[in-house]
*Asks:* 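Quick one: the structure is below, questions incoming.
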2 protein chains.
Amino acid sequence: MNFPGAPAMGSSPQPKTRTDRAYLLLRADVISGRLKPGTKLRVEQLRADYDIGATPLREALSRLSADGFVISEGQRGFRVVPMSYNDLQDITRVRILIETEALRDSIESGDDVWESRLVAAYYRLSKLEAQAEPDYEQRERANEVFHSALLAGCGSPLLLRLHHTLYDQHKRYRNISLLTATVPRDVHEEHRAIYDAALARDATKACDATRVHIMRTMEVTLEVFRKAEEKPASATN
Amino acid sequence: MNFPGAPAMGSSPQPKTRTDRAYLLLRADVISGRLKPGTKLRVEQLRADYDIGATPLREALSRLSADGFVISEGQRGFRVVPMSYNDLQDITRVRILIETEALRDSIESGDDVWESRLVAAYYRLSKLEAQAEPDYEQRERANEVFHSALLAGCGSPLLLRLHHTLYDQHKRYRNISLLTATVPRDVHEEHRAIYDAALARDATKACDATRVHIMRTMEVTLEVFRKAEEKPASATN
DNA sequence: CGCCCACAAAACATCGATAATTTTGCTTAT
DNA sequence: ATAAGCAAAATTATCGATGTTTTGTGGGCG
């Protein structure tokens, strides 16, 4: 009764194996903040929460530890990687390094397809950013698509992979700051600057704009984060 | 991947957990070339070879797949990451990016301890490189220690971590080219240039020298690698 | 003669249970 | 009362066994 299987549906990535599902779920929960920094990840607990066996869970946790989302403490289990002022600065710094390099490459070697995809992504993002009543969920996704589109022309799989991981690690910090969103900031203008420079094939200008953009993002986040650090309401669960 | 900030020590005498041992053994065997590119990693086989249960092995393989040493193919098990001309170029490029950034930082903020360790590492490396009858094992280790010492002053844990992984991925390519060692090359001179610039606190010059050094290493390896690619003797096992 | 389907064998992924280790809580002596 | 030492409890790491998917092979049909 096992047919060769339904044709692949690209849009909804239903993970084929349980390890993959566990990986994606845990990753998403760490990034979204549902799993708080420093939380101990007891396998029994996770087993109940996700309805996945211990083995695939441990495998997923192993992968995540290599990615830097959780830490594997000797024989004392796993816990969510803590967040810190210094860590955010470190991630930001490396992200700038990786992203500007990839962007430069992308701009210099991107073809027509790259351009048109970039235009589309920017158009969509602009529309969402212009909304008076923002849907953060969609906006976040559009933001991610836009940044990916910028780099898509880059010829280095490694750079893209690193960027993906760093982007999500950074996102974790950004997510906690969204809650307390604060400082006035014209994000759209920053995006526009990058976009214009990219289309004009001015790599240096685009990289500068990207640097500014990422730095500003970090600064806003740092602000919120420092406050949150003073009164730690983290669940030690 | 879990490693302390400590400089590379070849062998962790007794990894605390079996997963760790499996991880280190597999990693070493992939890097050394004992496990050939593309080889299918059958769990039963590994189980027999390393005398470690299936669970820790799978966890180790998961970590390695996140590190980029093996690939996890859907429901079709694991295999050693293939090697290719393009991959080497990609790794080299990113390694240069990461290593020069870390080096610049290190030079600008390294203290006395950093300096003295660097002197020691260079001294040892020089001695080994001057030997008429080279011990590649030791030389390789000294090389690693030297490069680590150069970067040790860098304030970014992330950069160091990335460097460590990239260095080892690069090493894998270098190892296969050692067998067919060929092109005349004054490695010591390249090291000296980096060393002198670093001690003189000339970051730009040191980065340039590093770039040259890494590029030369890649070129030598590419040479050998291209030949090997023509007559593929790889085990499809 | 070749292609396709069905079946069998192998390998992978997963589960439940066991062994080993760490943490916790309690007792006792200073 | 406090700190050290021991014992129980919780939790992790690991193993052996079981279900599923994939792969290889042979026979039937066009």
Side-chain angles (χ1 to χ4, degrees), chain A residues 1-9 13-27 30 35-36 38-66 69-82 235-237, chain B residues 1-3 12-27 30 35-36 38-66 69-81 235-237:
Chain A
M1 314 338 153
N2 313 331
F3 296 159
M9 32 194 167
Q14 177 100 5
K16 198 62 186 171
T17 172
R18 306 222 189 193
T19 297
D20 285 338
R21 195 168 75 203
Y23 176 79
L24 291 174
L25 288 174
L26 282 167
R27 194 179 203 270
V30 169
L35 289 173
K36 300 218 170 60
T39 306
K40 191 127 205 316
L41 295 169
R42 272 181 286 260
V43 185
E44 272 307 310
Q45 181 76 12
L46 298 175
R47 210 175 115 70
D49 289 351
Y50 295 100
D51 190 40
I52 295 179
T55 309
L57 275 175
R58 288 185 60 81
E59 279 179 39
L61 288 168
S62 297
R63 277 211 264 164
L64 287 169
S65 81
F69 289 104
V70 312
I71 51 182
S72 162
E73 293 176 299
Q75 230 145 344
R76 271 172 276 174
F78 300 87
R79 58 177 59 230
V80 179
V81 158
T236 326
N237 195 6
Chain B
M1 81 197 89
N2 329 323
F3 49 88
S12 305
Q14 207 164 2
K16 199 65 183 170
T17 171
R18 305 218 191 193
T19 297
D20 285 337
R21 194 168 75 201
Y23 176 79
L24 292 174
L25 288 174
L26 282 167
R27 194 179 203 271
V30 169
L35 289 173
K36 301 218 170 62
T39 307
K40 191 126 203 316
L41 295 169
R42 271 182 288 262
V43 185
E44 270 308 311
Q45 181 76 12
L46 298 175
R47 210 172 113 72
D49 288 351
Y50 295 102
D51 191 39
I52 295 180
T55 310
L57 274 174
R58 288 184 60 80
E59 280 179 39
L61 289 168
S62 296
R63 279 211 264 165
L64 287 169
S65 81
F69 288 105
V70 312
I71 52 182
S72 163
E73 291 176 301
Q75 234 144 342
R76 270 172 277 173
F78 300 86
R79 59 177 58 229
V80 179
V81 159
T236 324
N237 196 5

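Each chain gets a letter, A, B and so on, in the order its sequence line appears, and its residues count up from 1.
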*Asks:* Does D:dT12 have OP1 or OP2 under 4.0 Å away from a side-chain N or O of A:Lys40?
*Replies:* yes
*Asks:* Within the 4.5 Å heavy-atom criterion, are B:Arg27 and B:Leu64 side-chain neighbours or not?
*Replies:* yes
*Asks:* B:Ile52 CD1 to D:dT14 P: how many Å, rounded?
*Replies:* 9 Å
*Asks:* Has the side chain of B:Lys40 got a donor or acceptor atom that lies under 3.5 Å from a matching backbone atom of B:Arg76?
*Replies:* yes
*Asks:* What is the distance, rounded to the nearest whole Å, between atom CG of A:Leu46 and atom C1' of D:dT12?
*Replies:* 13 Å
*Asks:* Within the pair A:Arg18 and D:dT20, is there a side-chain N or O less than 4.0 Å away from OP1 or OP2?
*Replies:* no
*Asks:* Atom CD of B:Gln75 and atom C1' of C:dT14: how far apart are they, to the nearest Å?
*Replies:* 10 Å
*Asks:* Look at the side-chain N and O atoms of A:Thr17 and state whether any lies under 4.0 Å from the OP1 or OP2 oxygen of C:dT14.
*Replies:* yes
*Asks:* Using whole Å, report how far CD of A:Glu44 lies from P of D:dA9.
*Replies:* 18 Å
*Asks:* Step by step, would you call B:Leu61 with B:Leu46 a side chain to side chain contact (heavy atoms under 4.5 Å, CB included)?
*Replies:* CA-CA 11 Å; B:Leu61 289 168; B:Leu46 298 175; 4.2 Å; yes
*Asks:* Which whole-number value in Å describes the distance from A:Glu59 CD to C:dC12 C1'?
*Replies:* 10 Å
*Asks:* With respect to the phosphate group of D:dT12, does any side-chain polar atom (N or O) of A:Arg42 fall under 4.0 Å of OP1 or OP2?
*Replies:* no
*Asks:* Let me know the distance between CG of B:Asp20 and P of D:dT12, rounded to the nearest Å.
*Replies:* 16 Å
*Asks:* Measure CD/B:Gln45 against P/C:dA10 and give the value in whole Å, please.
*Replies:* 15 Å
*Asks:* Kindly determine whether B:Asp49 and B:Arg42 satisfy salt bridge (charged side-chain N to carboxylate O under 4.0 Å, His left out), including the steps that lead there.
*Replies:* CA-CA 11 Å; B:Asp49 288 351; B:Arg42 271 182 288 262; over 6 Å; no
*Asks:* Using 4.0 Å as the upper bound for N to carboxylate O, is an ion pair formed by A:Arg18 and A:Asp51?
*Replies:* no
*Asks:* Of A:Phe78 and B:Arg47, whose closest DNA chain D nucleotide lies nearer the 5' terminus?
*Replies:* A:Phe78
*Asks:* 5'-most contact on DNA chain C: A:Asp51 or B:Val43, nearest heavy atom basis?
*Replies:* B:Val43
*Asks:* Under 4.0 Å between a side-chain N/O of A:Arg76 and OP1 or OP2 of C:dT23, yes or no?
*Replies:* yes
*Asks:* Is the shortest side-chain N/O distance from B:Thr19 to OP1 or OP2 of D:dT14 below 4.0 Å?
*Replies:* yes
*Asks:* Among C:dC15, C:dA13, D:dT12, which nucleotide sits nearest the side chain of A:Pro56?
*Replies:* C:dC15
*Asks:* Mind calculating the distance between CZ (A:Arg21) and P (C:dA13) to the nearest angstrom?
*Replies:* 15 Å
